[in-house]
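Comments concern the structure below.
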Amino acid sequence: MIDLQPFCANEWEPRIGLHTAWRDGAWVYSTNGHMIVRAPAESVQDAPLRSPDQPKNPPAMFAKWVDDQPGEFLLMPPLPEAVLCPSCDGTGVWVDDEDGTKDQCLSCYGTKHAFTRFAMDDTGFNLHYLRLLAALPECRIRTHGKTSPAAVIFNGGQGLLMPMREQ
């Protein structure tokens, strides 16, 4: 079984449909809007059918960037250690000192990790998202240039990751 929850959006994401994985045809999809992962439906338990508030274009995205693009998938390179967000000390939240209200950290968007760019070929990607993908079994990656998503394949599924601009 593959756990797709780490690739879903967190509780701070206003697009509710991205909070959980969904089944569309033979695949189960999970996305946070920056990356998307899919696995065969039989390898994921209890995924509901796609609802209207969940993206309908993932099958076309995977066809374009995984199936139709040339190039070799290479092993994920060694990645540096994760960098916790310095603004929230890796908690993902800011606490209002006056009334104790918790809100999303606007530096890391509740991910708890700094948005650190890791260079690959002629582009770069969010280090935190690369580390999540690299944890998948036998993860391999193929980049497609500065403004196109990288395609990822792993034992049990596929993924796409949007590049990160240089800051």
Side-chain angles (χ1 to χ4, degrees), residues 1-67 76 79 82-96 99-118 124-137 139 141 147-165 167:
M1 293 293 170
I2 295 177
D3 181 13
L4 294 179
Q5 193 59 42
F7 304 98
C8 290
N10 63 30
E11 69 272 18
W12 303 106
E13 171 59 55
R15 295 172 291 179
I16 302 299
L18 304 187
H19 291 196
T20 58
W22 71 93
R23 185 167 46 92
D24 188 353
W27 296 94
V28 174
Y29 296 88
S30 178
T31 185
N32 67 5
H34 301 280
M35 66 178 164
I36 185 166
V37 172
R38 74 178 183 177
E42 63 270 8
S43 67
V44 181
Q45 276 189 319
D46 302 328
L49 288 174
R50 187 184 74 77
S51 69
D53 61 347
Q54 291 169 318
K56 62 181 174 182
N57 64 335
M61 293 167 44
F62 279 93
K64 178 177 181 177
W65 295 108
V66 176
D67 301 335
M76 187 71 77
L79 299 170
V83 179
L84 292 179
C85 177
S87 297
C88 65
D89 294 324
T91 64
V93 297
W94 284 341
V95 179
D96 186 320
D99 63 7
T101 303
K102 292 183 178 182
D103 199 3
Q104 166 185 290
C105 172
L106 296 177
S107 294
C108 70
Y109 300 101
T111 67
K112 304 177 184 177
H113 294 88
F115 274 37
T116 304
R117 186 177 187 271
F118 182 79
F125 300 93
N126 180 302
L127 176 62
H128 173 58
Y129 298 152
L130 282 172
R131 291 183 59 78
L132 285 174
L133 291 165
L136 295 167
C139 184
I141 189 166
T147 59
S148 301
V152 173
I153 57 174
F154 57 93
N155 186 7
Q158 303 169 336
L160 298 170
L161 175 61
M162 290 303 297
M164 183 177 175
R165 294 184 192 144
Q167 296 177 340

Nearest non-hydrogen partners of Pro6 and Asp3, listed with the distance: CD-O, 3.5 Å
Result of checking Leu161, Val28, Leu4 against Val37 for side chain to side chain contact (heavy atoms under 4.5 Å, CB included): Leu4
Spatial distance of atom OG1 (Thr31) from atom CE (Met162) [nearest 0.5 Å]: 10.5 Å
Full working for side-chain contact (heavy atoms from CB on, under 4.5 Å) between Ser87 and Cys108: CA-CA 8 Å; Ser87 297; Cys108 70; over 6 Å; no
Qualifying salt bridge (Lys or Arg N to Asp or Glu O under 4.0 Å) pairs, either residue in residues 44-61, two or more places apart: none
His128 side, atom NE2; Thr116 side, atom OG1 - distance, nearest 0.5 Å: 10.5 Å
Aromatic centroids of Phe115 and Tyr109 separated by under 6.0 Å: yes
Full working for side-chain contact (heavy atoms from CB on, under 4.5 Å) between Leu160 and Val66: CA-CA 8 Å; Leu160 298 170; Val66 176; 4.0 Å; yes
Lys/Arg cation over aromatic Tyr29: Arg23, 6.0 Å, 45° cone: no
Residue pair Pro48 / Ala21: nearest heavy atoms and the distance that separates them: CD-O, 3.7 Å
Asn57 side chain vs Ala60 backbone, donor-acceptor pair below 3.5 Å: no
Heavy-atom side-chain proximity of Ser51 to Trp22 below 4.5 angstrom: no
Thr101 to Asp99 - nearest heavy-atom pair and separation: OG1-OD1, 2.7 Å
Over all atoms of both residues, closest heavy-atom pair of Ser43 and Ala39: OG-CB, 3.6 Å
Side chain proximity check, Val44 to Trp27, heavy atoms < 4.5 angstrom: no
Nearest heavy-atom neighbours spanning Phe154 and Cys139: CB-CA, 4.0 Å
Whether Asn32 side chain and Met35 backbone form a donor-acceptor pair below 3.5 Å: yes
Heavy-atom check, side chain of Phe7 versus side chain of Leu136, under 4.5 Å: yes
Residues Asn126, Phe118; criterion side-chain contact (heavy atoms from CB on, under 4.5 Å); working and verdict: CA-CA 6 Å; Asn126 180 302; Phe118 182 79; over 6 Å; no
CD1 on Ile36 to OG on Ser30, rounded to 0.5 Å: 8.0 Å
Least distance between heavy atoms, Gln54 atom then Leu49 atom: OE1-O, 4.1 Å
Side-chain (His19) to main-chain (Glu13) donor-acceptor, under 3.5 angstrom: yes
NZ-SG distance between Lys112 and Cys85, expressed to the nearest 0.5 angstrom: 11.5 Å
Asp24 side chain reached by Pro59 side chain, heavy atoms, under 4.5 Å: yes
Candidate pair Phe62 and Arg38, rule side-chain contact (heavy atoms from CB on, under 4.5 Å), full reasoning: CA-CA 9 Å; Phe62 279 93; Arg38 74 178 183 177; 3.5 Å; yes
OG on Ser148 to NZ on Lys64, rounded to 0.5 Å: 7.0 Å
Donor-acceptor under 3.5 Å (Gln158 side chain, Val152 main chain): no
From Phe125 atom CZ to Leu130 atom CG, the distance as rounded to the nearest 0.5 Å: 7.0 Å
